[in-house]
Structures are given as C-alpha cells and as structure tokens.
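Heads up: the structure comes next, in structure tokens.
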Amino acid sequence: MTQFTVASFNVKNLIGPDQEYYKFQTYTPEEYAWKQDWLADQVLTLNADIVAFQEIFEEDALRDTVSEADDRARELNAAAIPDRSKRYSRKAIFRRLAVDTYDDAALVFAPNVADTHEPGKRRPGLAILTRFPVLETEIIQDLAVPLEIPFDALRGSDGEAGFFRMQRVSRPILKVRLKVGEQEIVVFNSHLKSKLGEFITPEGTAFPPENDLTQYDPVGRALGSLRSGLRRMAEAWVLRREIVKELSKGTPVIAMGDYNDGEHAVSSEIISGEAPFKDYRWLLRHDAETSRDRYDAQQHEQITEDILKHQLHSAEKLFVRKSMRDMVYTTAFGGAFESIDQIYLSRHFHPDYDKAIGEMEYFSVFNDHLTDGSHPEAPYNKLASDHGQIMAHMKLFEA
C-alpha cells in the first residue's frame with residue numbers, strides 16, 4: 001500500500017525583494033523575509049508529497065522557500081524525533097510526527113510566456129514540487145492551433161452569429177507524469193483567468209476608460225467581466241481537452257490549482273465533465289423520427305460508461321460526503337467565503353468504482369490565516385497568501 005498527499009497552494013505573488021511585479025507593487029527586503037518565513041512554515045505544515053504552486057514569478061524564490069522549509073524540518077525532527085538509543089523510539093507516534101524534507105524532490109517550474117520581465121508588468125507562472133520520480137513534463141500556454149468557438153445563428157436569424165478566438169491561455173498549464181509506487185499518474189496544475197474585469201486600452205490612450213472610477217461605467221465594466229469569464233471558460237476547455245487525452249488512455253489523473261471559480265461554476269464543470277443521467281432509455285435519440293425513438297438498454301450502458309470514464313470528481317465534495325462536514329472555503333472577500341482552489345480526481349480514486357486503484361482517505365484545508373479584506377477590522381495580509389491551501393490524503397491499493 002502506498003500513501004501520499006497532494007496539495008494546491010496559491011502563494012500570492014512570490015518574487016524576490018525590490019522587484020516591481022505589478023505596477024508600484026514590490027516587497028522590501030524585510031517584507032520578503034516575512035513572506036518567505038510564512039510560506040516556509042506553510043510548506044512545512046503541509047509536508048505534502050506533491051504540491052502544485054500558483055503565482056510563482058521566480059523559480060529561485062520558490063527554491064529558497066523550499067530550502068528554508070527543509071532546514072526547519074531537520075531542526076524539528078532533531079528536537080522531536082528520538083534516536084534509536086531511546087527505548088521508546090519505535091513508537092508509531094514518532095513516525096507520524098516526523099517531517100520529510102524535499103532534498104531529493106523534483107521541482108518543475110512553468111514560466112509564463114507572457115512575462116517580459118519588464119518592471120510593473122510581470123506575469124506569474126506555476127510549479128509542481130514532487131517527491132516522486134518525474135517521467136515526463138509538458139507546458140501548455142501558446143496554442144499551436146488557435147481555439148475558435150463558433151456560435152450558431154439563432155433560429156429565425158440570417159448570417160454569421162460570430163465566434164470567440166483565443167491563441168494563448170493567460171497562465172501556463174503544467175502537466176507532469178509521475179511514478180507513484182508502481183503506478184503512473186498524471187498531475188495537472190493550472191491557474192485560470194481571474195474574475196477581474198478585462199478592459200481594452202483604446203489606441204492613443206494611457207489606460208482603459210473603464211478603469212477611471214470617477215467616470216464609472218457600469219456597462220463597460222460588465223463587459224470586462226464578460227471577457228474574463230469567456231477567457232476563463234475557454235481556458236477550462238483547453239485543460240479539459242488535455243485531461244481527456246489521458247483519461248481516454250486509462251491513465252489516472254489528478255487535476256488541481258486555482259480555478260477562480262467554485263465547484264458548480266460552468267468553468268469548473270467544463271473541467272470535471274458532465275454527470276450522466278440516471279437512465280437514458282427515456283431520452284429521445286439524436287436521430288429520432290417518432291416519439292418512440294429512444295435509446296435502448298445497451299445504448300444506455302454505453303453512454304453512461306463513456307461519460308463516467310471521462311469524469312473527474314471533486315476531492316472536496318468526496319470529503320464532505322465522507323465526513324458530513326458542510327463547509328470548506330479557500331478565499332474570503334466582500335463577505336463571501338468560497339472554494340476556488342480545487343483538487344479533482346479521476347474515477348480511479350472514487351469509492352464507488354469497482355476498478356479503483358486507490359482512494360482519498362482525508363482532505364485538509366489550511367485557511368486559518370484568511371480574513372475578509374473588505375472588513376475594516378481585518379488585519380494586514382499583503383505578505384501571507386490570500387488563498388487557503390488544500391490537501392488530499394491518498395492511498396493506492398496493493399496490486
């Protein structure tokens with residue numbers, strides 16, 4: 001039996017000191033030291049075997065953070081784990097208390113191709129840290145064939161209905177094939193477009209007119225939200241396409257990251273795939289010529305299986321079902337507590353699948369540091385992450 005943990009961690013703008021990542025936003029050396037100290041403690045607390053990091057501007061800053069976490073792990077183990085000369089050293093509790101280091105781990109960094117390193121206009125990438133052997137990596141951001149989504153003309157209308165076109169996802173999608181025990185597992189890490197409005201700067205102007213809040217334009221700002229929503233859903237589809245490639249080959253998949261939407265949002269449902277109807281025998285066939293033309297029992301089984309084998313399952317939802325816990329959140333803003341960081345599992349880990357290779361034993365949420373920044377009593381939180389960390393505790397069955 002192989003036990004392992006997978007975690008998703010949006011670190012919130014990790015970059016070294018005195019570097020302007022967004023306009024007028026930098027860390028002083030003291031702020032960076034504070035941030036690195038906090039992040040190292042979180043990495044130490046997670047102690048996850050696979051960590052998907054988002055908002056990484058510099059690989060070196062992440063490596064320094066992991067190195068600091070390792071130093072603290074060694075210090076903690078030296079103080080808390082008895083050596084073999086102690087008669088009680090074999091007690092199981094000490095195996096549970098020990099913290100593993102990442103000395104032999106692999107760190108795969110995916111820089112953002114849109115990052116020109118120009119001060120104030122940086123773009124973040126992401127990374128996967130893993131204690132398991134890396135067999136293959138792939139970074140997806142610029143699309144070899146642009147994604148074009150045509151719209152069908154509405155009934156009764158003539159002419160072209162328009163289309164949406166996208167050549168690049170806003171942040172890279174990182175795909176890593178790992179050897180976990182005797183099993184190959186593909187892990188995806190992604191950070192979809194945020195809900196912040198996407199506005200256009202007219203030629204010859206310094207900024208989009210919607211950004212001038214003294215001339216508030218509610219319709220223009222709503223259009224900005226529409227643009228970001230379209231982009232987020234299109235990016236979710238690109239991720240879904242890559243996931244289906246692996247699921248179609250029968251490969252176990254774990255997809256995680258900051259999806260900037262809740263589990264029931266359209267973008268999240270695009271990633272996870274649709275759920276099958278209970279019975280397709282009542283449904284009119286696609287080529288029905290009479291009211292009696294419905295799918296038969298054999299077709300019902302085939303359709304259901306085709307949907308289920310390409311479906312992903314929310315680790316959070318599986319945990320709620322298992323534990324009867326009723327609330328998980330990874331962000332707090334404007335009075336709303338949401339889960340926008342997700343871990344999705346293919347049915348290879350679902351308890352109801354009779355050919356499962358493993359299962360999720362537990363789900364952890366590290367969100368005690370979160371405060372709602374819109375509340376006047378909320379403490380200063382620039383240096384900590386504005387996301388909670390989530391972690392799934394996994395178990396592979398013996399072959």
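We're numbering straight along the sequence, starting at 1.
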Cluster link [X] to [Y], ILVMFWY, side chain under 4.5 Å:
X	Y	result
I243	I307	no
V253	L135	no
W237	L226	yes
L192	L230	yes
M360	F397	no

Original post:
Angle class for the Y22/F57 ring planes (parallel below 30°, perpendicular above 60°, tilted otherwise)?
Top reply: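 Ring orientation, 0 to 90° scale: perpendicular.
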**OP:** Look at the aromatic rings of W38 and F9 and report parallel, tilted or perpendicular, splitting at 30° and 60°.
**Re:**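 Rings of W38 and F9: perpendicular, as their planes differ by over 60°.
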**OP:** Compute whether any side-chain donor of one residue and acceptor of the other, for S267 and D261, lie under 3.5 angstrom apart.
**Re:**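 Present: a donor and an acceptor within the cut-off.
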**OP:** Show the numbers, then the answer: is there a salt bridge (Lys or Arg N to Asp or Glu O under 4.0 Å) between R63 and E59?
**Re:** CA-CA 6 Å; R63 288 190 178 277; E59 180 179 0; 2.9 Å; yes
Subject >> Non-hydrogen atoms of H313 and L318 that approach each other most closely >> reply: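 Here H313 and L318 meet closest at CB-CD1, 4.3 Å.
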**OP:** Inspect the contact between R72 and E68 and indicate whether a charged nitrogen and a carboxylate oxygen are less than 4.0 angstrom apart.
**Re:**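 So E68 pairs with R72 through a salt bridge.
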Any side-chain heavy-atom pair of [X] and [Y] under 4.5 Å:
X	Y	result
Q311	H350	no
Y27	D18	no
K175	F188	yes
V187	V6	no

Original post:
Going through the checks in order, is the salt bridge (Lys or Arg N to Asp or Glu O under 4.0 Å) test met by R171 and E235?
Top reply: CA-CA 9 Å; R171 303 176 185 93; E235 291 175 351; 5.6 Å; no
**OP:** Would you please indicate if the ring centroids of F151 and F164 are separated by under 6.0 Å?
**Re:**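 No - the distance between ring centres of F151 and F164 does not fall below the 6.0 Å cut-off.
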Original post:
So, is the end of the R221 side chain (NZ or CZ) under 6.0 Å from the ring centre of F199 and within 45° of the ring's axis?
Top reply: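 No.
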**OP:** Flag this pair as yes if the NZ/CZ of R347 is under 6.0 angstrom from the six-membered ring centre of Y353 and inside a 45 degree cone about the axis; otherwise no.
**Re:**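 Yes, a cation-pi geometry.
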